[in-house]
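A, B, ... follow the sequence lines: proteins, then strands. Residue 1 opens every chain. Not measured: the values here are computed from a predicted model.
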2 protein chains.
Amino acid sequence: MEKPMESEAFTFSLRASILQWKQQGKRAVWIKLHIQLVNLVEPSVMEGFRYHHAEPDYLMLVNWISDSTDTIPENASHRVGIGAFIVNEKREVLVVQENNGKFKGKGVWKFPTGVVNEGEDICIAAIREVKEETGIDTEFVEILAFRQSHKSYFTKSDLFFVCMLRPLNFDIQKQDTEIKAAQWMPFNEYAAQPFVQKHDAFSSVAHVCLTKLETEYVGFSPIPRTTASGKTTHLYLNSRDLNKL
Amino acid sequence: MEKPMESEAFTFSLRASILQWKQQGKRAVWIKLHIQLVNLVEPSVMEGFRYHHAEPDYLMLVNWISDSTDTIPENASHRVGIGAFIVNEKREVLVVQENNGKFKGKGVWKFPTGVVNEGEDICIAAIREVKEETGIDTEFVEILAFRQSHKSYFTKSDLFFVCMLRPLNFDIQKQDTEIKAAQWMPFNEYAAQPFVQKHDAFSSVAHVCLTKLETEYVGFSPIPRTTASGKTTHLYLNSRDLNKL
């Protein structure tokens, strides 16, 4: 709904409609209320609606009006992040220090990281974040590993993809608001940092990256595909092993 | 907030608090309103709050009260699903027909699929869904591939993990509400279905599964780890290639 409405008129109209929809055998009623229609939130809840999800400018409510089992799917449950592993020809890795977050002021050098935007491909997000934070242009190589963790943000979970990218230029132009410092650092120096050594989530990732540098480690690479419903999509898989067939 | 409050008293108190918080240099104010306090949603919005996210029983609002750049992180953006590839010793694959969804009534045989619950590990969700839908107990082997697609559910994105599981029993006890039929089917028969052949997202996955059956294809396997903040987490990686080091 987008047009303003008095809450009493809204309640009256909603009750009549729900009676009709029940008779028609409809199972669920959704109401999407723009934030300008905030006056209609309370009357919706009074009529049996519950919250489903919200974005900054709207609230979605739902009401299961059937006697059958409620099958309303849950809201999005995960945030998706990327970390970028980028090495130059001197075996130096691109690292940053952040202005905010838990490592602020601790002198810890980390891979550039960021959040995948709504509607954005992981392989595009990684390139974008590296460019934004460090000015380095890259091409996507592979996902080397990924991590799932829980309760990282309110009640939500987190999927964090460690992406290898190939640098196309080497002259760092760091972004000032988020990034305190950025540099190319010898890989061994990065991996030897106490915080990397101490936490097995970090040391394992460093181990994977080192394996990638020194042996034939293969991760998942993106292949564009079309789904049955006609959407474009990326399928990530072990393309070296796939070609063995 | 959990206790009932008159909206006028709430507005008065909120205004005074925000003035104080601004003086203290606070940057953002969050209000979590249980659905029973729906009467306070409108006054919050009138005082400059916007929606951040909602769950069935509460609404979270936020107000950036500082003059600095708004750095409030976005809401969760992805739903996470699994598809289970399970083969018995006769090279038959476990497949189902669903009661609902876009393939309803079309006679299409699919891998068992499902949504990863909030706070649930992918490798646990796959085992749970297969058990729920078919009664088959399994152990988790690997993630063979995964797919990211967009606008799959309202504005949200979807991450779908193709998981290989090893069956521990073979006697199917199907669930009746979601599943119309379940059976063990020769893999070649599954892969030859017109809908699998026609859609490259499905035919590519079938190709990956066949490669796994016939060659040395390696996906990502889960390794339990602890993050820097002490959370337990699963890191998924190519463990065969990692052990080469």
Q: Counting neighbours of NZ on A/Lys180 that are heavy atoms of other residues, nucleotides or ligands and sit closer than 6.0 Å, is the number greater than 12?
A: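 Open: at most 12 neighbouring heavy atoms sit under 6.0 Å from NZ of A/Lys180.
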Q: Does B/Tyr217 use its side chain to pair, donor to acceptor, with the backbone of A/Asn238 at less than 3.5 Å?
A: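 The answer is yes, because a donor-acceptor pair under 3.5 Å joins these two groups.
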Q: Using the side chain to side chain contact (heavy atoms under 4.5 Å, CB included) rule, take B/Glu178 and A/Thr71 through it: C-alpha gap first, then chi angles, then the decisive distance, then the call.
A: CA-CA 10 Å; B/Glu178 288 178 42; A/Thr71 59; over 6 Å; no
Q: Rounded to the nearest 0.5 Å, how far apart are CZ of B/Arg225 and OG of A/Ser203?
A: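 B/Arg225 CZ to A/Ser203 OG: 6.5 Å, rounded to 0.5 Å.
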Q: Most heavy-atom pairs under 4.5 angstrom with chain A, which of B/Ser44, B/Pro56, B/Ala145?
A: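 Going by pairs under 4.5 Å, I would pick B/Pro56.
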Q: Flag the pair B/Phe49 / A/Ile35 as yes when at least one side-chain heavy-atom distance between them is below 4.5 Å, and no otherwise.
A: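 Contact flag for B/Phe49/A/Ile35 side chains = no.
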Q: Passes side chain to side chain contact (heavy atoms under 4.5 Å, CB included), A/Val38 versus B/Tyr51? Steps please.
A: CA-CA 10 Å; A/Val38 63; B/Tyr51 305 140; 3.6 Å; yes
Q: Parallel, tilted or perpendicular, judged at 30° and 60°: which one describes the rings of A/Phe220 and B/Phe220?
A: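 Judged by the thresholds at 30° and 60°, the geometry between A/Phe220 and B/Phe220 is parallel.
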Q: Hey, could you give me the NE2/OG1 distance between B/His199 and A/Thr233, rounded to the nearest 0.5 Å?
A: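 Going from NE2 on B/His199 over to OG1 on A/Thr233, the span is 13.5 Å.
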Q: Indicate the atoms forming the closest heavy-atom contact of A/Ser157 with B/Gly119, along with that distance.
A: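 Reported closest heavy-atom pair: OG-N, 3.4 Å.
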Q: A/Gln175: what forms a side chain to side chain donor-acceptor pair (under 3.5 Å) with it, not counting sequence neighbours?
A: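 Partners of A/Gln175 under the side chain to side chain donor-acceptor pair (under 3.5 Å) test: A/Thr177.
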Q: In Å, rounded to the nearest 0.5 Å, how long is the span from CG of A/Asp241 to OG1 of B/Thr215?
A: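 Here the rounded value is 6.5 Å.
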Q: Hey, what do you get for CD (A/Glu120) to NE2 (B/His150), rounding to the nearest 0.5 Å?
A: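 Result: 8.0 Å between the selected atoms.
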Q: What is the distance from atom CG of B/Leu237 to atom NZ of A/Lys212, rounded to the nearest 0.5 Å?
A: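 B/Leu237 CG to A/Lys212 NZ: 13.0 Å, rounded to 0.5 Å.
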Q: Rounded to the nearest 0.5 Å, what separates atom CG in A/Leu235 from atom NE2 in B/His207?
A: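 Going from the CG atom of A/Leu235 to the NE2 atom of B/His207 covers 11.0 Å.
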Q: Any luck finding a side-chain donor-acceptor pair between B/His53 and A/Asn75 under 3.5 Å?
A: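 No donor-acceptor contact under 3.5 Å links the two side chains.
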Q: Is the backbone N or O of B/Ile122 less than 3.5 Å from a side-chain atom of A/Gln148, with the two atoms forming a donor-acceptor pair by type?
A: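 A pair under 3.5 Å: yes.
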Q: Does any pair with a residue in residues 43-66 of chain B pass salt bridge (Lys or Arg N to Asp or Glu O under 4.0 Å), and if so which ones, sequence neighbours excluded?
A: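 Pairs touching residues 43-66 of chain B that pass the test: A/Lys156-B/Glu55, B/Arg15-B/Glu47, B/Arg50-B/Asp70.
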Q: Counting heavy-atom pairs closer than 4.5 Å to chain B, which one of A/Gly219, A/Ala201, A/Ser68 comes out on top?
A: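 Highest number of pairs under 4.5 Å: A/Ala201.
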Q: Near A/Glu6 CD, under 6.0 Å, is it more than 12 heavy atoms from other residues, nucleotides or ligands?
A: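 No.
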Q: Below 4.5 Å, heavy-atom pairs only: which of A/Phe195, A/Phe160, A/Tyr58 has the largest tally toward chain B?
A: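 Among the listed options, the one with the most contacts to chain B is A/Tyr58.
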Q: Taking the ring of B/Phe146 and the ring of A/Phe161, is the distance between their centroids below 6.0 Å?
A: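 Between B/Phe146 and A/Phe161, which both carry aromatic rings, the centre distance is below 6.0 Å.
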Q: Could you tell me which of A/Val218, A/Val116, A/Leu61, A/Thr232 has the largest number of non-hydrogen atom pairs under 4.5 Å with chain B?
A: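 The candidate making the most pairs under 4.5 Å is A/Val218.
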Q: For A/Thr226, does its backbone N or O pair with a side-chain atom of B/Asp200 as donor and acceptor, under 3.5 Å?
A: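 Checking the backbone N and O of A/Thr226 against the side chain of B/Asp200, a donor-acceptor pair under 3.5 Å is found.
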Q: Tell me, for B/Val62 versus chain A, whether the close heavy atoms (under 4.5 Å) come from the side chain, the backbone, both or neither.
A: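 Neither part; nothing is under 4.5 Å.
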Q: Evaluate B/Leu159 against A/Val80 for side chain to side chain contact (heavy atoms under 4.5 Å, CB included), listing each step before the verdict.
A: CA-CA 10 Å; B/Leu159 275 164; A/Val80 178; 3.7 Å; yes
Q: Would you please test A/Leu242 and B/Val208 for side chain to side chain contact (heavy atoms under 4.5 Å, CB included) and show each step?
A: CA-CA 6 Å; A/Leu242 195 63; B/Val208 170; 3.8 Å; yes
Q: Is there a donor-acceptor pair closer than 3.5 Å between any side-chain N or O of B/Ser77 and the backbone N or O of A/Arg79?
A: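 Pair absent, no side-chain N/O of B/Ser77 close to backbone of A/Arg79.
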